[in-house]
Amino acid sequence: MMNAPRVRFAPSPTGELHVGNARTALFNWLYARRHRGVFLLRIEDTDVARSSPDHETRLMEDLRWLGLGWDEGVGEGGGDGPYRQSERLALYRARAEELLQGGLAYPCFCSPQVLEEERAAQRDAGRASLYTGRCRVIPREEAMLRRRRGEEFAVRFNVAAAAGHEPSIECPDMVHGDVRFPVSQIGDFVILRRDGWPSYNFAVVVDDALMRVTHVIRGDDHLSNTPRQILVYRALGTKTLPRFAHLPLILGRDGAPLSKREGAASVVWFREQGYPPEALLNYLALLGWSPPSGQDLLTREELVAQFDFDRVSRAPAIFDRPKLDALAARHMARLPVARLAEMAAEQMIETGLLDRDVSPEIQQWLGRLALLYADRLPRMRQLPEASAFLFEFEARKSLDDPEVRKTLVDPKSRAVIEVLVRRLGPESLTAPRFQAVADEVRRETGTKGRDLYHPIRIALTGASSGPEMVKLLPVIEEGSRLPLRKRIASCAERARALLSATQGMSA
Ligand code: GLU
């Protein structure tokens with residue numbers, strides 16, 4: 001049996017949690033849960049100018065909303081902390097110093113201008129920009145002297161020393177198979193910048209080694225960094241390298257990478273729109289992975305039970321909103337009514353239909369309202385609009401719907417509605433009461449089927465379409481008795497108002 005894996009999600013807190021990164025977090029989480037391993041959260045905040053604590057907080061909120069809790073890391077603690085790179089500078093500096101001592105790294109005194117000029121010249125000549133190695137040949141004593149004199153320097157990795165005679169570095173990958181990179185294409189890279197902060201390729205290896213990470217699961221964009229990182233592992237004397245898995249890129253429907261600037265590419269957008277988190281999670285899992293069972297709707301538990309890297313694809317995945325929406329509506333329809341109520345309340349407050357403190361009574365009613373629509377709502381943000389006709393009933397406004405108008409002035413339909421209104425007593429329209437009244441109207445008018453029910457729907461709701469009446473009407477009736485910010489008109493009130501608004505109108 002293999003040892004329990006230790007995996008990590010290592011985001012940089014420089015913006016909102018992008019769906020691509022959320023998918024990376026998810027695959028790490030799934031792998032850890034599947035194999036009863038440990039999922040770590042490490043914050044890679046070495047880009048001081050772009051990182052912020054606010055982004056870090058929101059990132060953690062988004063992960064928690066998705067249900068991707070971590071076992072160790074920022075906010076959770078653990079034996080390998082601190083888990084924020086900005087708090088680990090001493091560790092990187094100590095490792096860099098060891099590499100300097102061992103000749104696996106050297107101080108580079110080149111000024112930023114000189115380096116930039118060199119890079120520009122290489123670019124102009126159409127060559128890859130690789131450091132020339134100028135400072136590698138400075139004799140050790142001279143370098144020491146210059147350091148002691150206080151000359152500024154960065155620490156560069158000595159690629160040739162670490163690679164030995166190997167012409168290429170092999171990077172075994174669980175998704176891509178074995179990928180080889182020629183050493184000649186790897187220039188001596190900076191591991192510690194002049195300001196004493198580590199570069200990504202260095203910090204990530206120091207941390208993954210110290211945190212005993214067994215599987216590095218991340219986006220494809222890091223595949224080309226892997227040979228550098230493997231060299232650093234070797235230089236640091238790490239005995240067992242982690243296994244790597246590079247996940248395919250996520251593209252938009254236009255084939256272009258999902259832009260970070262696009263609102264709909266951030267987890268927070270889906271959260272604010274009231275998507276069920278289990279739906280987004282399910283959809284993200286299908287971006288680059290296909291379940292052996294062939295199901296498309298999978299619960300968190302099913303994902304954990306079925307996930308593995310042998311079914312992760314190398315081909316880019318397409319983020320297709322309509323597909324997500326179809327899946328999300330199916331998830332929505334399966335949610336317990338208490339969850340629907342909570343999500344509905346959030347959206348009703350957000351859109352100003354409800355006041356902030358929602359009583360338990362109103363909350364329960366919201367659950368029943370949301371249930372009417374659940375199977376066709378991918379996101380709860382659509383509920384206020386779908387149910388607007390309940391809150392905003394006004395006879396004149398209803399008449400803007402040509403179908404409503406036509407029905408109300410049609411003599412046959414009008415006869416049905418007149419009988420209906422006469423038969424509506426003071427009691428509330430429960431489902432059985434509605435059936436009884438509809439029966440009475442049928443007997444008295446001799447109308448049946450659509451000719452009966454369509455005018456009844458229009459009269460009692462003020463709208464020409466909507467959820468099934470036996471379910472909808474009791475919700476309208478209950479709503480009309482609740483102390484809501486916007487009072488809901490009862491069915492009888494609607495019917496009477498519509499009749500009088502169309503009095504004397506002709507077809
Ligand atoms: N901070 C890096 C990123 O967000 C982590 C990459 C890695 O997982 O090694 O891209």
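All ligand and atom numbering here is 1-based and tracks the order in the structure. FYI, side chains are in, hydrogens and waters are out, and symmetry mates aren't considered; it's all heavy atoms of this structure.
The aromatic rings of Trp289 and Phe307 are tilted relative to each other, their planes meeting at an angle between 30° and 60°.
The single protein non-hydrogen atom nearest to atom 8 (O) of ligand 1 is Arg8 NH1, 2.7 Å, given as residue, atom name and distance. The nearest protein atom to atom 3 (C) of ligand 1, hydrogens excluded, is given as His222 NE2, 3.7 Å; this is a heavy-atom distance. Protein heavy atom closest to atom 4 (O) of ligand 1, with residue, atom name and distance, is Ala10 O, 3.5 Å. At the shortest separation from atom 9 (O) of ligand 1 among protein heavy atoms lies Tyr200 OH, 2.6 Å.
Which parts of ligand 1 touch Glu44 is read off a 4.0 Å heavy-atom cut-off, strictly below it: atoms 1 (N), 2 (C), 5 (C). Contact atoms of ligand 1 toward Ser12: 1 (N), 4 (O) (distance under 4.0 Å to a heavy atom of the residue). Here is the list of ligand 1 atoms found below 4.0 Å of a heavy atom in Arg218: 7 (C), 8 (O), 9 (O). Distances below 4.0 Å separate heavy atoms of Val204 from the following atoms of ligand 1: 9 (O).
By the side-chain hydrogen bond (donor to acceptor under 3.5 Å, both in side chains) test, Arg180 pairs with Ser168, Glu170, sequence neighbours left out.
Ring pair Tyr283/Phe319: centre-to-centre distance below 6.0 Å.
No donor-acceptor distance shorter than 3.5 angstrom exists from the side chain of His246 to the backbone of His176, with no hydrogens or angles considered.
Cation-pi geometry between Arg156 and Tyr131 is met: under 6.0 angstrom from the ring centre, within 45 degrees of the axis.
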